[in-house]
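Remarks on the structure that follows.
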Amino acid sequence: MWSSSVKTGSELSISGITAKQLAKDFGTPTFFIDEADFRARALAWNDALKEAFGDKAGTVYYASKAFSCTEVARWIKDLGIGIDVSTGGEMAVALAGGIDPKKIEVHGNNKSIAEIEKAISVGVETIVIDSMYEIDRVATAAAKAGKVQRVLLRLTPGIEAHTHESIATAHEDVKFGFSIASGAAWVAITAVHKQSSLELRGFHAHIGSQIFGFESFEILAERFVTFLAKYRDEFKKELPELDLGGGYGIAYLESDVTVVPRDAMQALANAVKKHCAAFNLEVPTVSIEPGRAIVGPTMFTLYEVGTVKDVTLENGTHRRYISVDGGMSDNIRPSLYGAEYTTILANRTSSAAHTSSRLVGKHCETGDIIIREIDLPEDIVPGDLLAVPATGAYGRSMASNYNHVPRPSVVAVKDGKARVIVRRESIEDLLALDI
Ligand code: LLP
């Protein structure tokens with residue numbers, strides 16, 4: 001839940017800097033990212049992939065949609081891992097951070113021709129093809145550039161991942177990829193084979209996000225290896241790559257039980273190897289794309305309390321509303337997915353009794369809730385600081401300007417030093433777009 005440099009218990013601190021000091025220096029709301037923790041998590045996935053798959057380990061592509069900015073792209077470059085981009089914007093950030101295009105994998109279910117041409121011109125390693133139109137578009141752009149582009153086909157293996165409906169991506173009724181069950185995957189393969197400017201390297205799937213346990217990933221491994229065997233039987237050659245996506249769950253609450261990278265990769269490797277042996281197939285190179293599991297736990301959001309209000313409910317009980325200076329514009333996940341978070345009083349300790357409270361933002365709607373129900377010290381007053389952990393993934397990256405609230409800054413903390421890596425938006429920034 002909290003990153004490794006954070007200490008809770010008395011006043012919250014990260015790498016020795018107290019919450020009060022952070023609020024004074026950087027204002028609120030602010031996302032604080034623990035740089036050492038980010039690097040350690042990224043490396044842990046990389047090491048786990050290598051250990052489990054040996055010479056068949058592909059690349060860990062950090063899913064930059066979870067959170068990216070130029071400085072984080074520089075960290076990815078330093079770490080020598082890959083990056084998954086799903087739009088031209090994410091690709092621009094990766095390139096601005098100096099990431100070698102050979103480490104970039106391009107996603108998206110509706111890539112524009114400009115995005116495809118840009119990707120090919122900078123020389124990205126792999127484009128993951130998502131539709132029949134795209135087979136032609138990528139082939140045409142590659143031919144125009146005089147290149148043969150490596151591609152994977154994104155397939156839907158028909159897996160019902162146990163997560164929120166909006167973030168499950170591999171059952172049949174989705175906009176992504178080509179279905180194995182309906183035969184669409186087969187039609188796409190045949191079409192790719194006809195294009196001399198495309199080299200089909202293998203298949204990709206991303207089954208969903210915030211998935212706990214190994215089972216869905218093991219089923220994916222089985223379905224994909226079975227499909228690779230079918231391909232071999234049909235075309236008398238083997239495809240060398242699989243990319244099995246991201247989706248590994250993290251703890252948002254104390255009670256969430258997560259898997260460690262090593263166990264997750266071992267389970268995946270065991271499944272891939274077992275099924276390859278059964279089909280007498282060479283083990284393919286396996287890549288993964290964790291986003292949330294790398295960046296999620298590395299950040300917390302620091303808010304300042306602005307108002308505290310008790311309301312009487314119909315049954316005569318009271319509910320305390322604690323309003324902070326952010327809300328659904330910096331964390332849309334509770335309203336969008338019913339996501340649950342926790343918080344702690346960060347600027348002091350309190351021995352006051354706890355009272356059932358609702359943590360809300362400053363936006364003009366009732367659904368602007370960060371935490372629906374949580375017991376918090378009853379002496380919380382305006383000016384107190386609250387820290388919400390595990391906001392690194394899909395927090396700042398899904399932030400909006402709703403109510404013309406400027407988006408928060410992101411501050412990186414390492415070795416007792418804090419520095420802004422994404423500055424806070426200003427009112428001038430907001431007005432700058434208006435003609
Ligand atoms: N690869 C692909 C192709 C993806 O579409 C995604 C996430 C990932 C990798 C990374 O998944 P992760 O390891 O982060 O779970 N906004 C939602 C999550 C949407 C995920 C979209 N795709 C949320 O806040 O929960």
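What you see is a predicted model, and the numbers here were worked out from it, not measured in a lab.
Taking a 6.0 Å sphere around NZ of K77, one finds it holds 12 or fewer heavy atoms contributed by other residues, nucleotides or ligands. Few gaps surround CD on E125; more than 12 heavy atoms of other groups in view lie less than 6.0 Å from it. Atom CZ of R419 sits in a crowded spot, with more than 12 heavy atoms from other residues, nucleotides or ligands closer than 6.0 Å. Heavy atoms from other residues, nucleotides or ligands lying under 6.0 Å from NZ of K102 number more than 12. A 6.0 Å sphere centred on CG of D375 holds more than 12 heavy atoms belonging to other residues, nucleotides or ligands. No more than 12 heavy atoms of other residues, nucleotides or ligands lie within 6.0 Å of CD in E282, so this atom counts as exposed by the packing criterion. Around OH of Y133, the count of heavy atoms belonging to other residues, nucleotides or ligands within 6.0 Å does not exceed 12.
Checking side-chain atoms of N46 against main-chain N and O of L43 turns up no donor-acceptor pair under 3.5 Å. In this structure, the side chain of T258 does not engage the main chain of G249 through any donor-acceptor pair within 3.5 Å. Checking side-chain atoms of S15 against main-chain N and O of G416 turns up a donor-acceptor pair under 3.5 Å. Distance alone, capped at 3.5 Å, is enough to place a donor-acceptor pair between the D368 side chain and the M328 backbone. The closest donor-acceptor contact from the side chain of R232 to the backbone of F279 lies under 3.5 Å. No donor-acceptor distance shorter than 3.5 angstrom exists from the side chain of D84 to the backbone of Y61, with no hydrogens or angles considered. Put simply, the side chain of R223 gets close to the backbone of P157: a donor and an acceptor are under 3.5 Å apart. Between the S397 side chain and the A66 main chain, a donor and an acceptor come within less than 3.5 Å of each other. With hydrogens and angles ignored, the 3.5 Å screen pairs a side-chain donor or acceptor of D256 with a backbone N or O of L253. Put simply, the side chain of K111 gets close to the backbone of V128: a donor and an acceptor are under 3.5 Å apart.
A distance of 12.5 Å separates CG in L12 from OG1 in T349, rounded to the nearest 0.5 Å. Separation of atoms CZ (R41) and OG (S4) is listed at 7.0 Å; rounding is to 0.5 Å. Here L268 contributes atom CG and L49 contributes atom CG; the two are 8.5 Å apart, rounded to the nearest 0.5 Å. Rounding to the nearest 0.5 Å places CG of L376 at 13.0 Å from CZ of R358. Note that CD of E199 and NE2 of H193 are 10.5 Å apart. Values are rounded to the nearest 0.5 Å. The distance from the CD1 atom of I344 to the CH2 atom of W2 is 4.0 Å, given to the nearest 0.5 Å.
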Output, in order, the C-alpha distance, side-chain angles, deciding distance and verdict of side-chain contact (heavy atoms from CB on, under 4.5 Å) for F212 and V257.
CA-CA 8 Å; F212 289 118; V257 182; over 6 Å; no
Yes or no on side-chain contact (heavy atoms from CB on, under 4.5 Å) for L244 and I207, after CA distance, side-chain angles and deciding distance?
CA-CA 8 Å; L244 300 179; I207 56 175; over 6 Å; no
Mind running side-chain contact (heavy atoms from CB on, under 4.5 Å) on L155 and F178 for me, showing each step along the way?
CA-CA 5 Å; L155 305 184; F178 300 95; 4.0 Å; yes
Between L95 and K118, does the side-chain contact (heavy atoms from CB on, under 4.5 Å) criterion hold? Intermediate values first, please.
CA-CA 11 Å; L95 293 171; K118 174 77 181 173; 4.2 Å; yes
Before giving the answer on salt bridge (Lys or Arg N to Asp or Glu O under 4.0 Å), spell out for E35 and R39 the whole-Å C-alpha distance, their side-chain angles and the decisive distance to 0.1 Å.
CA-CA 6 Å; E35 181 177 342; R39 289 173 181 267; 3.0 Å; yes
Does the pair E90 and K65 meet the rule for a salt bridge (Lys or Arg N to Asp or Glu O under 4.0 Å), with working shown?
CA-CA 7 Å; E90 287 176 2; K65 69 205 79 183; 5.5 Å; no
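Counting heavy atoms from C-beta outward, Y252 and R333 have side chains that approach closer than 4.5 Å. Using a 4.5 Å heavy-atom threshold, the side chains of I380 and L386 count as touching. Counting heavy atoms from C-beta outward, F214 and D263 have side chains that approach closer than 4.5 Å. Considering only heavy atoms from C-beta on, D243 stays 4.5 Å or farther from T59 through its side chain. Between V151 and E134, the closest side-chain pair of non-hydrogen atoms is not below 4.5 Å. Here the side chains of S287 and E241 are not in contact, with every heavy-atom distance at 4.5 Å or above. Residues I288 and F53 are not in side-chain contact: their nearest non-hydrogen atoms beyond the backbone lie 4.5 Å or more apart. Taking the side chain as every heavy atom from C-beta outward, E373 and S356 approach each other to under 4.5 Å.
The minimum heavy-atom distance between V192 and I135, with the atom names listed, is CG2-CD1, 3.8 Å. Summarising the geometry of M132 relative to A188, their closest heavy-atom pair is SD-CA, 3.9 Å, with the distance given to 0.1 Å. Counting all heavy atoms, side chain and backbone alike, P377 lies closest to S350 at CB-OG, 3.4 Å. In this structure, G327 and I370 approach most closely via the heavy-atom pair CA-CD1, 3.9 Å. In this structure, V411 and A418 approach most closely via the heavy-atom pair CG1-CB, 3.8 Å. Considering all non-hydrogen atoms of both residues, K56 and P284 come closest at CB-O, 3.7 Å.
With no hydrogens or angles considered, no side-chain donor-acceptor pair links E115 and T87 at under 3.5 Å. There is no side-chain donor-acceptor pair under 3.5 Å between N109 and D130. No hydrogens or angles considered: nothing links the side chains of D37 and S3 as a donor-acceptor pair under 3.5 Å. With no hydrogens or angles considered, no side-chain donor-acceptor pair links E105 and H204 at under 3.5 Å. Donor-acceptor pairing under 3.5 Å is recorded for the side chains of D136 and Q195. There is a side-chain donor-acceptor pair under 3.5 Å between T30 and R424. One side chain, D330 or Y303, offers a donor N or O that lies under 3.5 Å from an acceptor on the other.
A cation-pi arrangement is not found for R292 relative to Y394, the charged atom failing to lie both closer than 6.0 Å to the ring centre and inside a 45° cone about the ring normal.
Residue pairs meeting the ring-ring contact (aromatic ring centres under 6.0 Å, His included) criterion with at least one member in residues 21-50, sequence neighbours excluded, are F32-F300, F38-Y62, F38-W75, W45-Y248.
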